[in-house]
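The structure under discussion appears below in the form of structure tokens.
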Amino acid sequence: MTYCCALRLDRGLVFMSDTRTNAGVDNISSCRKMFSWTDADSAITLLTAGNLATTQAVVSMIDERLKSPADRHPSILGQNSMFAVARMVGDLLKEEIARAGEGQMSADAGTFGATLILGGQVRGSAPRLFLIYPEGNFIEAGDDMPWFQSGETKYGRPILVRVFDPAMSFDEAVKLLMVSYDSTIKANLSVGLPLDLQIYEADSFETGRTHRIEGDDAQYLAISGGWSDALRIAFDALPDVSI
């Protein structure tokens, strides 16, 4: 399992993903789950959750198409909209899951599933954010749902629901994501550090600020400790209950 999250702000997009791929008392490994592509007119970021072989195959197919678009079908760069990019990536995901599941029992075929969060901007339109399902279809973030999660979502969701504001600054958004991830990591072994962070500023058409948050990251540790202390203070301040 994993945890990926992307926020659509008024000023751009913020992405975060963990790197945990296996979890157990004697089996813990890491792998990058955030990937980006840019050219003069587009900037695209993909977060991957689910079967690692499936997601790596999709990313490899995207890279292969970029090497020689004429020979390897259209690439995700050079499309006229993020909707077109989402449709293309959705088709790649659906085709790879179908290929991997050939000859498998229907119950086993589901083990090849994956969910993707796709975000970015194509010149001439605003930044857009999509959640792509294993079937290849997708939904887009809007005013009612301006952020997406995939993977192990339930522990980090409450803070997003209570605090997220599309007008918040990038720094505030990063702090919010740190709290969301800290809550998830403390509750579930299948999500773990290091975390990958990327900030995309609208109309920049560049990968943007990127940062890997390791276990000894001073800012992350301060947020983690401060959030724990704040919860204890808030709990103690609640009215007493007598049953």
Side-chain angles (χ1 to χ4, degrees), residues 2-19 32-49 55 58-59 62-63 65-66 75-90 92-93 115-132 138-151 153 156 159-160 163-181 194-213 217 219-220 223:
T2 188
Y3 178 30
C4 297
C5 188
L7 312 177
R8 192 193 73 166
L9 305 177
D10 293 343
R11 62 199 66 204
L13 305 170
V14 182
F15 304 89
M16 188 174 282
S17 62
D18 83 320
T19 54
R32 187 173 183 85
K33 302 167 191 175
M34 180 185 296
F35 306 89
S36 297
W37 302 267
T38 61
D39 64 9
D41 296 308
S42 52
I44 298 167
T45 296
L46 188 69
L47 306 181
T48 65
T55 59
V58 171
V59 171
I62 292 173
D63 287 337
R65 291 185 175 196
L66 287 169
S75 76
I76 63 171
L77 298 178
Q79 297 299 308
N80 58 13
S81 70
M82 281 300 300
F83 180 86
V85 175
R87 176 169 287 179
M88 182 179 298
V89 174
L92 288 174
L93 177 61
T115 303
L116 309 176
I117 297 176
L118 175 75
Q121 184 177 18
V122 172
R123 194 174 298 277
S125 61
R128 301 172 73 178
L129 191 62
F130 300 87
L131 179 65
I132 304 176
F138 51 85
I139 58 175
E140 182 175 0
D143 293 338
D144 292 331
M145 176 52 71
W147 43 268
F148 284 134
Q149 300 170 284
S150 61
T153 63
I159 185 65
L160 298 177
V163 176
F164 177 80
D165 182 346
M168 65 185 1
S169 69
F170 285 133
D171 289 344
E172 290 172 328
V174 172
K175 180 165 64 173
L176 174 60
L177 285 176
M178 283 185 175
V179 172
S180 180
Y181 273 78
L195 309 176
D196 287 319
L197 166 70
Q198 180 178 303
I199 297 172
Y200 173 74
E201 187 170 357
D203 301 324
S204 66
F205 300 101
E206 297 177 349
T207 299
R209 286 180 280 168
T210 60
H211 180 63
R212 172 156 282 198
I213 301 170
D217 187 281
Q219 292 186 101
Y220 179 81
I223 293 295

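This structure is a prediction, so every number in the text was calculated from the model and none was measured.
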Work out which heavy atom in G120 is nearest to a heavy atom in L13; give both atom names and the distance.
N-CD1, 3.4 Å
Please find the pair of heavy atoms, one from D41 and one from D39, that lie closest to each other, and give the distance.
N-OD1, 2.9 Å
Single hit among T45, L129, L46 for side chain to side chain contact (heavy atoms under 4.5 Å, CB included) with I117:
L129
Do you know which two heavy atoms are closest between S42 and V122, and how far apart they sit?
CB-CG2, 4.2 Å
To the closest 0.5 Å, what do you measure between CE (M16) and CE (M178)?
5.5 Å
Evaluate the side-chain contact (heavy atoms from CB on, under 4.5 Å) criterion for residues L160 and Q149: first the C-alpha distance (whole Å), next the side-chain angles of each, then the deciding distance (0.1 Å), finally the verdict.
CA-CA 10 Å; L160 298 177; Q149 300 170 284; 3.8 Å; yes
For the side chain of S150 and the backbone of L116, is there at least one donor-acceptor N/O pair under 3.5 Å apart?
no
Determine which pairs satisfy salt bridge (charged side-chain N to carboxylate O under 4.0 Å, His left out) with at least one residue from residues 9-18, sequence neighbours left out, and list them in order.
D18-K33
So does G119 get a backbone contact from the side chain of R8, meaning a donor-acceptor N/O pair under 3.5 Å?
no
What's the shortest heavy-atom distance between A173 and L9, and which atoms?
CB-CD1, 3.8 Å
Rounded to the nearest 0.5 angstrom, the OG1-CD1 distance for T19 and I213 is 11.0 Å
Closest heavy-atom pair and its distance - L47, A6:
CD1-CB, 4.3 Å
Atom pair CZ (F130) and CG (L118), whose distance is rounded to the nearest 0.5 Å:
7.0 Å
Applying salt bridge (charged side-chain N to carboxylate O under 4.0 Å, His left out), which residue pairs with at least one partner in residues 199-212 are found, sequence neighbours left out?
D196-R212
By side chain to side chain contact (heavy atoms under 4.5 Å, CB included) - contacts of D144 (at least two apart)
none
Would R128 and F83 count as a cation-pi pair here, with the cationic atom under 6.0 angstrom from the ring centre and within 45° of the axis?
no
Criterion side-chain contact (heavy atoms from CB on, under 4.5 Å) on T38 and F205, from CA distance to verdict:
CA-CA 7 Å; T38 61; F205 300 101; over 6 Å; no
Side-chain donor or acceptor of E172 paired with backbone N/O of L176 under 3.5 Å:
no
So which of L195, L197, V174 actually passes side chain to side chain contact (heavy atoms under 4.5 Å, CB included) with Y220?
L195
As a quick check of understanding, evaluate side-chain contact (heavy atoms from CB on, under 4.5 Å) for F148 and I139, giving each step before the final call.
CA-CA 10 Å; F148 284 134; I139 58 175; 3.7 Å; yes
Rounded to the nearest 0.5 Å, what separation is found between the OG atom of S75 and the CG atom of L77?
5.0 Å
Short question: side chain of Y3, backbone of S180 - any donor-acceptor pair under 3.5 Å?
no
In this structure, CG of L177 is separated from CZ of F15 (nearest 0.5 Å) by 11.0 Å
Output yes when a side-chain donor or acceptor of Y200 lies under 3.5 Å from a complementary backbone atom of Q121, and no otherwise.
no
Can you tell me how far the CD1 atom of I44 sits from the OG1 atom of T207, to the nearest 0.5 Å?
11.0 Å
Might you work through the side-chain contact (heavy atoms from CB on, under 4.5 Å) test for M34 and T210, ending with a clear yes or no?
CA-CA 10 Å; M34 180 185 296; T210 60; 5.9 Å; no
